[in-house]
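Worksheet: the structure to be examined is printed underneath.
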2 protein chains.
Amino acid sequence: MEHAPWSKNGHPVAAYWNMGCPNANAAFAELIRVSRRDMRARCVMQLASERARHVFLPFAGWLVAAKVDPDGARQIVDFVLPGDVFDPATASTAIAAVDVAAVDNVQLAMIPRKAWHGYLETHHAAWALSVRQTAAGYGRMAERMLRLGKSSAETRIAYAICELCLRADPFGLVADRAFHLPLTQQVLGEYVGLSSVHVNRTIRAMARAGVLDYHGQLEVIIHDLAALAAMAQIDPAELRAAIIPSPG
Amino acid sequence: MEHAPWSKNGHPVAAYWNMGCPNANAAFAELIRVSRRDMRARCVMQLASERARHVFLPFAGWLVAAKVDPDGARQIVDFVLPGDVFDPATASTAIAAVDVAAVDNVQLAMIPRKAWHGYLETHHAAWALSVRQTAAGYGRMAERMLRLGKSSAETRIAYAICELCLRADPFGLVADRAFHLPLTQQVLGEYVGLSSVHVNRTIRAMARAGVLDYHGQLEVIIHDLAALAAMAQIDPAELRAAIIPSPG
DNA sequence: GCCCGCCGATAACCTGGGTTAACGCGCGTC
DNA sequence: GACGCGCGTTAACCCAGGTTATCGGCGGGC
């Protein structure tokens, strides 16, 4: 992993949010400069129902937005990938709806919410991108809710793999059909609403069926994309359009 | 139900979105005037993955945002209540993420998306309200996702009743603890991810336990709010803050 | 008036996935 | 090098909730 990627204008995340506008570039760089952080895996940065002070913008590594129920079971509401900006605020904007934590080691910016919203109000292209990101997040949650409510374990897991593969792709993390999810089976289970044991059963069965291959820590190789998409009950192109915020 | 409520300045939904500003008032009234509709129960106004042309603003009656899976099972992603503005667009903003349909008979405005977004850009208070509504919707989905993924039937249903009671309240539809949900048990099941049979089993058990009372078509009376909140695993005040977009 | 379709209510039966427990492996610590 | 711990893997058991079927009531259409 490269060193301090946000300091480089050429970093894909910076380019994504600057959108080539030198004016925005300076303002954005200043926002980042003062709010960059490194966090270790599992570090919790925001607790649900505490004050929401920052939006989160990872440059490298993944975050989770999650809720924990009284018995300690965790449901992951969404992953936050490099380039995504995540605002945990609820209706009463001072309070966070969810916990935010690092999945793996993360380089990110924790930007004060007011500063970020000020940036959006004065930089129209960034604002428009933010609107598309929000809509994309809504689309993802709708898709996942459908599967959480109605679908078999196989469908849920196949869908999660498709979704995360698509989302990981824009920043070139995916070579062909082989890619790395920085997730334990436990965490994947918290995402799709299954126990880690059943995640294991299901993934193994998919591997046995020749649909995909994987090695520890979810190093995934998709062998039969058509079959995987069928299990996930999606059309890859359509899902991409619904779920990936296109820049520009 | 009163006649053509949108034509009256005093209508609570209009007041909510005008926020007393006479300028906004006129612009808002014009938006509504040209886009108002009446729809019968179950009428579908938007199909997922078709072009998203309108935002939906009900004045009376409820809408659903839902997805249908290949076997025809429907998952309700969110309800749209009087005063809520719902934009079904995805990441590629031309396409809708979800179906939108009327739950019961509905009086609403179907406002062209561009016109609505233009209104928001030129009326700051309305824009701020819209941001809070979006955040509230996110908070609701996060809460419901937690329960879809992890919780028992009892918890899911108790939560749904609490949520819908809170949301129905702001427009004075709730007298004490008695209120009406315009839902069949089938529809409630599609909301919480349960079969209608199991919804019935669970609600009956709750009634037998003295927590609530109800009569056909979900005419609900809450007898023991504390017990219901405990089942739902919520604190009512906290949930309200997270989920209800306060005006102003 | 009759018919029909929708909804609530229940019972009987079945299964997908949770739970628990046990084992092996790789990695970091001391 | 020994130990501990997190993770993947598998097997055995069990139950919450799905499925199917049946019945009664109610409202709407003709």
Side-chain angles (χ1 to χ4, degrees), chain A residues 40-43 69 71-75 101-105 147-161 180-208 212-220 231, chain B residues 40-43 69 71-75 101-105 146-161 180-209 212-220 231:
Chain A
R40 318 217 42 154
R42 269 169 240 213
C43 167
D69 81 7
D71 344 310
R74 185 168 79 151
Q75 174 66 46
V103 176
D104 49 352
N105 292 335
R147 300 201 168 57
L148 226 36
K150 303 288 177 193
S151 302
S152 67
E154 188 182 80
T155 300
R156 297 189 206 185
I157 289 178
Y159 173 80
I161 291 173
H180 172 74
L181 298 178
L183 308 175
T184 64
Q185 295 179 356
Q186 167 71 26
V187 172
L188 185 56
E190 289 168 351
Y191 190 48
V192 298
L194 294 169
S195 68
S196 63
V197 173
H198 204 61
V199 168
N200 185 279
R201 284 200 273 253
T202 309
I203 291 194
R204 301 246 74 196
M206 289 164 74
R208 247 175 275 125
L212 52 75
D213 231 346
Y214 73 110
H215 313 86
Q217 279 298 97
L218 294 184
E219 203 73 54
V220 179
M231 281 179 181
Chain B
R40 320 218 38 156
R42 273 170 238 211
C43 167
D69 82 6
D71 344 310
R74 185 168 80 150
Q75 174 67 45
V103 176
D104 49 351
N105 292 335
L146 172 61
R147 299 197 170 58
L148 269 184
K150 302 287 175 192
S151 301
S152 68
E154 189 182 78
T155 300
R156 297 189 208 185
I157 289 179
Y159 174 80
I161 291 174
H180 172 74
L181 299 178
L183 308 174
T184 63
Q185 296 180 356
Q186 168 71 27
V187 172
L188 185 55
E190 289 168 352
Y191 190 48
V192 298
L194 295 169
S195 69
S196 62
V197 174
H198 204 63
V199 168
N200 185 280
R201 282 200 273 253
T202 309
I203 291 196
R204 300 246 74 197
M206 289 163 74
R208 248 176 275 124
L212 52 75
D213 231 346
Y214 73 110
H215 313 87
Q217 279 298 100
L218 295 183
E219 203 72 54
V220 180
M231 282 179 180

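Letters go in sequence order (proteins before strands), and every chain restarts at 1.
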Inset, instruction - Check if the side chain of A/Arg156 and the base of C/dG17 share a donor-acceptor pair of N or O atoms closer than 3.5 Å. - result: no
Can you tell me how far [atom2] of [Y] sits from [atom1] of [X], rounded to the nearest 0.5 angstrom?
X: A/Thr155; Y: A/Arg147; atom1: OG1; atom2: CZ; result: 7.5 Å
X: B/Ile161; Y: B/Met231; atom1: CD1; atom2: CE; result: 9.5 Å
X: B/Gln75; Y: A/Ser151; atom1: CD; atom2: OG; result: 9.0 Å
X: B/Leu188; Y: B/Ile203; atom1: CG; atom2: CD1; result: 5.5 Å
X: B/Leu148; Y: B/Tyr191; atom1: CG; atom2: OH; result: 9.5 Å

Starting at [atom1] of [X] and ending at [atom2] of [N], how long is that distance when rounded to a whole Å?
X: A/His215; N: D/dG8; atom1: NE2; atom2: P; value: 14 Å
X: A/Leu148; N: D/dG17; atom1: CG; atom2: C1'; value: 16 Å
X: B/Asp71; N: D/dG18; atom1: CG; atom2: C1'; value: 14 Å
X: B/Arg201; N: C/dA12; atom1: CZ; atom2: P; value: 12 Å
X: A/His198; N: C/dG16; atom1: NE2; atom2: P; value: 9 Å
X: B/Arg204; N: C/dT10; atom1: CZ; atom2: C1'; value: 10 Å
X: A/Ile203; N: D/dT10; atom1: CD1; atom2: P; value: 12 Å
X: A/Arg208; N: D/dT9; atom1: CZ; atom2: C1'; value: 11 Å

Inset, instruction - Would you check if A/Arg40 and A/Asn105 make a side-chain contact, meaning some heavy-atom pair closer than 4.5 Å? - result: yes
Legend entry - Contact check, side chains of B/His180 and B/Tyr214, non-hydrogen atoms, under 4.5 Å: no
Inset, instruction - Among residues two or more places apart or on two chains, list those pairs meeting salt bridge (charged side-chain N to carboxylate O under 4.0 Å, His left out) that have a residue in residues 149-159 of chain A. - result: none
Inset, instruction - For residues 181-191 of chain B, pull every pair meeting salt bridge (charged side-chain N to carboxylate O under 4.0 Å, His left out), keeping only residues two or more places apart or in separate chains. - result: B/Arg74-B/Glu190
Just the atom pairs and distances: protein N or O near nucleotides 20-23 of chain C's N or O, under 3.5 Å.
none

Inset, instruction - For a side chain to side chain contact (heavy atoms under 4.5 Å, CB included) with A/Leu218, tell me which candidate from A/Val187, A/Leu181, A/Thr184 qualifies. - result: A/Leu181
Legend entry - Exercise: identify the closest heavy-atom pair between A/Pro182 and A/Val103: O-CG1, 3.1 Å
Legend entry - Closest approach of B/Val199 to B/Gly189 (non-hydrogen atoms, all atoms of both residues): CG2-CA, 3.5 Å
So which protein N/O to nucleotides 6-8 of chain C N/O distances come out below 3.5 Å?
{"from": "C/dC7", "atom 1": "OP1", "to": "B/Arg42", "atom 2": "NH2", "distance (Å)": "2.8"}
{"from": "C/dG8", "atom 1": "OP1", "to": "B/Gln185", "atom 2": "N", "distance (Å)": "3.3"}
{"from": "C/dG8", "atom 1": "OP2", "to": "B/Gln185", "atom 2": "N", "distance (Å)": "3.2"}

Inset, instruction - Please list, by residue number, the residues of residues 188-195 of chain B whose heavy atoms come closer than 4.0 Å to an atom of DNA chain C; answer none if no residue qualifies. - result: none
Legend entry - Angle by which the axis turns from one end of the helix from C/dG1-D/dC30 to C/dC30-D/dG1 to the other, five pairs per end, to 10 degrees: 40°
Inset, instruction - Look at all strands and tell whether A/Ser196 reaches a base, only sugar-phosphate, or nothing, counting heavy atoms closer than 4.0 Å. - result: nothing
